[in-house]
Every structure is written in structure tokens, then in C-alpha cells.
Chemist: 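Below is one structure. I have some questions about it.
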Protein chains: 2
Amino acid sequence: MIDNLSIDCVIFGFDGELKTLFIRRNTEPGLGMMSLPGGFVELDEPLDASPVRRLKELTGISNLFLRQVGAFGEVDRYPLRRVITIGYYALVKISDYTIQPGVDAQEARWISVKEVPELPFDHRLIFDAAVDKLREMVRIEPIGFNLLPEKFTITDLQNLYESILDTTFDKRNFRKKLAKMNLLVDLKEKQTNVSHRAANLYKFDEKIYQKLIKKGFVFDL
Amino acid sequence: MIDNLSIDCVIFGFDGELKTLFIRRNTEPGLGMMSLPGGFVELDEPLDASPVRRLKELTGISNLFLRQVGAFGEVDRYPLRRVITIGYYALVKISDYTIQPGVDAQEARWISVKEVPELPFDHRLIFDAAVDKLREMVRIEPIGFNLLPEKFTITDLQNLYESILDTTFDKRNFRKKLAKMNLLVDLKEKQTNVSHRAANLYKFDEKIYQKLIKKGFVFDL
DNA sequence: TCAAAAGTGTTGTCGCTACACCCATGT
DNA sequence: ACATGGGTGTAGCGACAACACTTTTGA
């Protein structure tokens with residue numbers, strides 16, 4: 001273990017609103033507080049493998065969208081000694097996985113990004129930076145799809161984007177732009193058990209999705 | 001000194017083409033090779049202060065545009081031991097400063113981004129990532145202005161953007177868009193000693209520049 | 001007088017925004 | 001039958017790209 005180098009993860013999910021996964025710490029410092037899941041980097045582990053390992057422990061997820069937020073290195077950001085941390089953000093489909101609190105966590109919980117509690121150390125800084133990155137990234141890659149379940153309605157997608165960007169879109173215009181991208185596959189299925197007209201379900205077209213990412217596509221909605 | 005944590009800087013400048021500042025190493029490992037200027041972080045120094053100090057030593061520059069590129073942490077990226085490095089990129093006005101090779105450098109040189117030599121460790125990776133960041137950033141902030149001298153012509157500015165984005169623009173359209181931004185102040189001066197019609201000189205309007213940055217302006221040329 | 005870059009407007013096309021009503025389903 | 005969200009088309013406007021010639025200056 002490298003005791004002066006850690007990672008911290010901002011894990012985004014969506015189930016009607018944008019949420020982040022927090023754990024309640026069961027070790028000092030910060031015992032009892034909600035905080036970002038993180039941990040120290042192992043000596044024989046590539047840096048970027050560290051958050052992958054941590055997320056595997058915590059959620060069982062091994063295949064996910066993961067990016068660096070940045071390095072945080074104020075001298076006294078960690079109270080016990082000088083530790084630099086690398087922030088990461090991840091996108092996961094909440095529905096796909098069950099959360100398993102790791103050894104240093106008593107509890108793991110999805111919390112709306114609008115209701116984030118007080119956080120220890122500089123975690124608030126890391127969290128805010130991650131949200132900023134997410135908002136930048138959402139315009140460059142169609143990352144929204146990493147957050148939705150396999151089958152979703154166009155309204156789900158619209159809600160997701162509105163939730164991330166904290167804005168609203170015109171329904172018709174949103175659908176028109178989306179249609180032009182050819183990104184959605186009509187599953188010819190409908191919602192069930194909804195007390196209104198059932199919406200059509202879609203999945204996204206993996207190939208076109210990959211192509212768009214490579215192209216440096218601007219996903220402007 | 002924290003001997004497992006370093007920083008490396010990709011310093012961009014412009015004098016007709018986009019260039020980067022490299023040093024020739026006079027210490028092992030990598031003795032004699034051109035490499036990115038960098039160094040280890042001090043124990044009592046905030047992380048982001050480290051590249052500032054390094055650039056001050058190297059160029060005398062203390063006020064500059066500096067951003068993180070990312071953290072690089074493959075297990076064996078550095079041959080002697082496990083070292084994680086944080087990459088930074090900086091924008092400087094070549095004309096404003098004289099380069100002073102630091103204690104661990106024999107020579108410092110501006111090299112065109114199209115002629116970068118073989119680099120030690122993972123410096124090529126860091127360099128490429130920095131160029132990518134620069135290209136992203138150039139569309140979001142009018143950072144071009146950090147690279148030009150105080151007085152410049154519109155053609156200089158256009159060359160800069162073409163050089164960064166590796167493309168060409170229509171002269172009339174470029175000027176029209178620029179005019180709409182109200183970003184330039186006409187200095188009512190002209191070039192001298194050019195063997196063609198002398199171009200008008202401009203500086204940029206600091207206040208509007210700051211306002212645009214805050215607004216999350218998209219600098220789309 | 002020639003070479004080299006500066007500077008300047010118009011037009012057609014495309015994309016964006018704004019906007020209102022009927023449809024299907026469960027209660 | 002009513003409440004709730006699903007789903008659809010058009011018209012006007014603004015933004016963008018394409019395009020060529022005259023001007024100024026030094027050699």
C-alpha cells in the first residue's frame with residue numbers, strides 16, 4: 001500500500017434524478033460521516049486500476065465508465081499526514097447492481113446530488129469538480145446511456161439530461177434531434193402498469209454509439 | 001521532498017506555430033534525452049504550487065495559465081521506483097520571457113508540436129494528453145490570448161487557432177465572429193517593417209474576456 | 001510595377017426554437 | 001369520464017458557410 005496516495009470515487013447513478021453513492025465511514029478520521037468511497041493505492045497496482053478495484057468491492061460492478069476528475073493535493077487536506085488523492089467519477093446503472101458496503105463502510109447509500117450532506121476532508125471539492133466534469137462530458141460523449149437501464153423511454157432520457165444539466169428541453173425538439181442521430185433502436189415494446197398511455201421502449205445502438213464517441217461528436221441537446 | 005510523487009509540465013507557446021518547451025536532462029535516468037520539465041513535490045507544498053515553482057525556476061514566469069492534465073500512474077512508468085506523476089499544461093507568451101535552464105537541465109528549447117522527439121518514460125503520453133486538453137479547452141475559454149503577445153494582428157490570432165486545431169478558417173468569417181464577441185480593442189497602430197500592407201494591431205479587452213470565461217462561453221470559430 | 005498579405009459584404013441554406021392538440025391507459 | 005403523461009408538424013428567424021476583389025506597403 002502506498003500510504004500517501006489515495007483515490008476517491010464520485011459514483012453517479014440515475015433513477016428519476018441524478019444521485020451519487022456515499023458511504024458512512026466506520027474508521028477514523030471522519031468516523032460516522034458520509035463520505036466518498038475511496039482508498040489507498042497498492043504498490044503493485046496501476047493508478048487507474050485502484051478505483052476499479054474499489055468499485056468492484058463496493059458494488060460488484062466490473063465494467064463501468066470511469067474517468068479522472070483531477071488530483072487534489074493541499075498540504076493538510078488529510079488530517080493524519082500528507083496524502084494526495086486522485087478523484088474519479090463513474091457512471092453506473094443503479095438498477096443493475098446491489099451495493100455491498102466494503103470493510104471500511106457501515107452503510108452505502110444513493111443520495112440526490114441536490115441533497116449531499118456535509119463531507120469530510122476536501123470531498124466536497126472533489127464532488128463539485130466531478131459534477132462539473134460530468135456536465136462538460138455530457139455534451140461531448142453520449143454518456144447518458146451509461147446511466148440508464150437497458151430499456152428506457154425517450155422521456156427517461158430527457159429527464160436524465162435535464163437532471164444533469166439542470167435545465168428543461170422542449171419535448172418535440174428533443175425527440176427530433178435525437179432521431180437525427182439514429183442512436184436509438186425501437187424495441188417495439190411498451191411500458192406496462194402505468195396509469196397513462198404507455199411509452200415506447202428503446203435501447204441504444206452500440207455501434208453508432210461507438211462511432212459517435214470516436215468522431216468527437218458534440219451531443220448538443 | 002515526496003519521492004514518489006512528481007509533476008511534469010507541458011508548456012505551450014506560439015510564435016507562428018504551436019511549440020512546447022523541452023529540456024535536455026542532465027541526470028539519470030534518461031540522461032541526455034529531451035524531456036518535459038518536471039520535478040518532485042515538496043512535503044510542505046500544495047500540489048498545484050509545485051509546477052508553479054518549477055516554471056518560475058525555469059522561465060522566471062510567475063503569472064501564468066496552468067491546468068492539470070491528469071495523473072499518470074502505471075506501476076513501472078519510472079524505472080527507479082514507483083512514482084506517480086501529475087501532468088500540467090501551461091500557456092505562456094514566448095516573447096515575454098527568457099528561458100533559464102534549471103539545475104537539472106543542460107538546455108531548454110522550444111520545439112514545434114509537430115517535431116517532438118522521442119521522450120523518456122511516459123512523457124509522450126502526457127504530452128499527447130496535454131495537446132488533447134488544449135484542443136478541448138480552446139473551444140471553451142478564449143485561452144488563445146494567453147499565448148499571444150500584448151499587441152497582435154487578427155491574422156496572428158487566426159494562425160494561432162488554426163495551429164492549435166490543425167485546420168483552416170475562412171478569413172472573413174473568422175473576423176465576423178470575432179467582431180461579434182467585442183473582445184478586441186483596436187489599438188489604432190499598425191505593423192512596421194513588413195513588406196506588404198501593414199496590419200492593424202489589437203489587444204484584447206480584459207473585462208469582456210473575464211466575463212466570457214465566467215459565462216461558460218463557447219468559443220466556436 | 002510586382003509580390004504579398006490586409007481588409008471587406010452578400011446570398012443561400014440549414015438548423016434551431018417556439019408553439020398546441022389528440023392519443024392511450026389505469027383508476 | 002377523468003387524469004396523466006405520450007406522441008406528433010410547421011413556420012419564421014437567425015446563424016453559418018461559401019465566395020472574389022481592391023488596398024497598402026516594401027522591395
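These values consider heavy atoms only, across backbone and side chains, with no hydrogens, waters or symmetry-generated copies. Each chain gets a letter, A, B and so on, in the order its sequence line appears, and its residues count up from 1.
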Chemist: Name all residues meeting the side-chain contact (heavy atoms from CB on, under 4.5 Å) criterion together with A:Glu150; count only those two or more places apart in sequence or in a different chain, and write none if there are none.
Modeler: A:Lys93
Chemist: Tell me, which of residues 147-173 of chain B have any heavy atom that sits under 4.0 Å from an atom in DNA chain D?
Modeler: B:Asp170, B:Arg172, B:Asn173
Chemist: Not counting sequence neighbours, which residues clear ring pair (Phe, Tyr, Trp, His ring centres under 6.0 Å) with A:Tyr161? List them please.
Modeler: A:Phe219
Chemist: Within residues 176-187 of chain B, which residues have any heavy atom lying less than 4.0 Å from an atom of DNA chain C?
Modeler: B:Lys176
Chemist: Polar atoms only, N or O, under 3.5 Å: list the protein pairs with nucleotides 23-27 of chain D and their distances.
Modeler:
unit_1: D:dT23; atom_1: O2; unit_2: B:Arg197; atom_2: NH1; d: 3.1
unit_1: D:dT24; atom_1: O2; unit_2: B:Arg197; atom_2: N; d: 2.9

Chemist: Which pairs, with at least one residue in residues 151-162 of chain B and sequence neighbours excluded, count as a salt bridge (charged side-chain N to carboxylate O under 4.0 Å, His left out)?
Modeler: B:Lys151-B:Glu189
Chemist: Taking side chain to side chain contact (heavy atoms under 4.5 Å, CB included) as the criterion, tell me which of B:Leu148, B:Ile143, B:Thr155, B:Leu165 meets it with B:Leu160.
Modeler: B:Leu148
Chemist: Could I get the full list of ring pair (Phe, Tyr, Trp, His ring centres under 6.0 Å) partners for B:Phe174, not counting sequence neighbours?
Modeler: B:Phe169
Chemist: How would you list, by chain and number, every residue that makes a salt bridge (Lys or Arg N to Asp or Glu O under 4.0 Å) with B:Asp15, sequence neighbours excluded?
Modeler: B:Lys19
Chemist: Hey, does the side chain of A:Arg54 reach the backbone of A:Gly38 with a donor-acceptor pair shorter than 3.5 angstrom?
Modeler: yes
Chemist: First and last nucleotide of DNA chain C in contact with chain B, 5' to 3', at under 4.0 Å to a heavy atom: what are they?
Modeler: C:dA4 to C:dT10
Chemist: Would A:Asn159 and A:Glu17 count as having a side-chain donor-acceptor pair, cut-off 3.5 Å?
Modeler: no
Chemist: Considering residues at least two apart in sequence or located in another chain, which fulfil the ring pair (Phe, Tyr, Trp, His ring centres under 6.0 Å) criterion with B:Phe65?
Modeler: none
Chemist: For A:Asn182, what residues pass the side-chain contact (heavy atoms from CB on, under 4.5 Å) criterion, not counting sequence neighbours?
Modeler: A:Ile208
Chemist: Where does the angle between the aromatic ring planes of B:Tyr209 and B:Phe145 fall among parallel (under 30°), tilted (30 to 60°) and perpendicular (over 60°)?
Modeler: perpendicular
Chemist: Whole-Å distance between D:dT8 P and A:Phe174 CZ?
Modeler: 14 Å
Chemist: Give me each pair satisfying salt bridge (charged side-chain N to carboxylate O under 4.0 Å, His left out) with a member in residues 120-147 of chain A, each pair once, sequence neighbours excluded.
Modeler: A:Arg67-A:Glu141, A:Arg77-A:Asp122, A:Arg124-A:Asp128, A:Arg139-A:Asp220
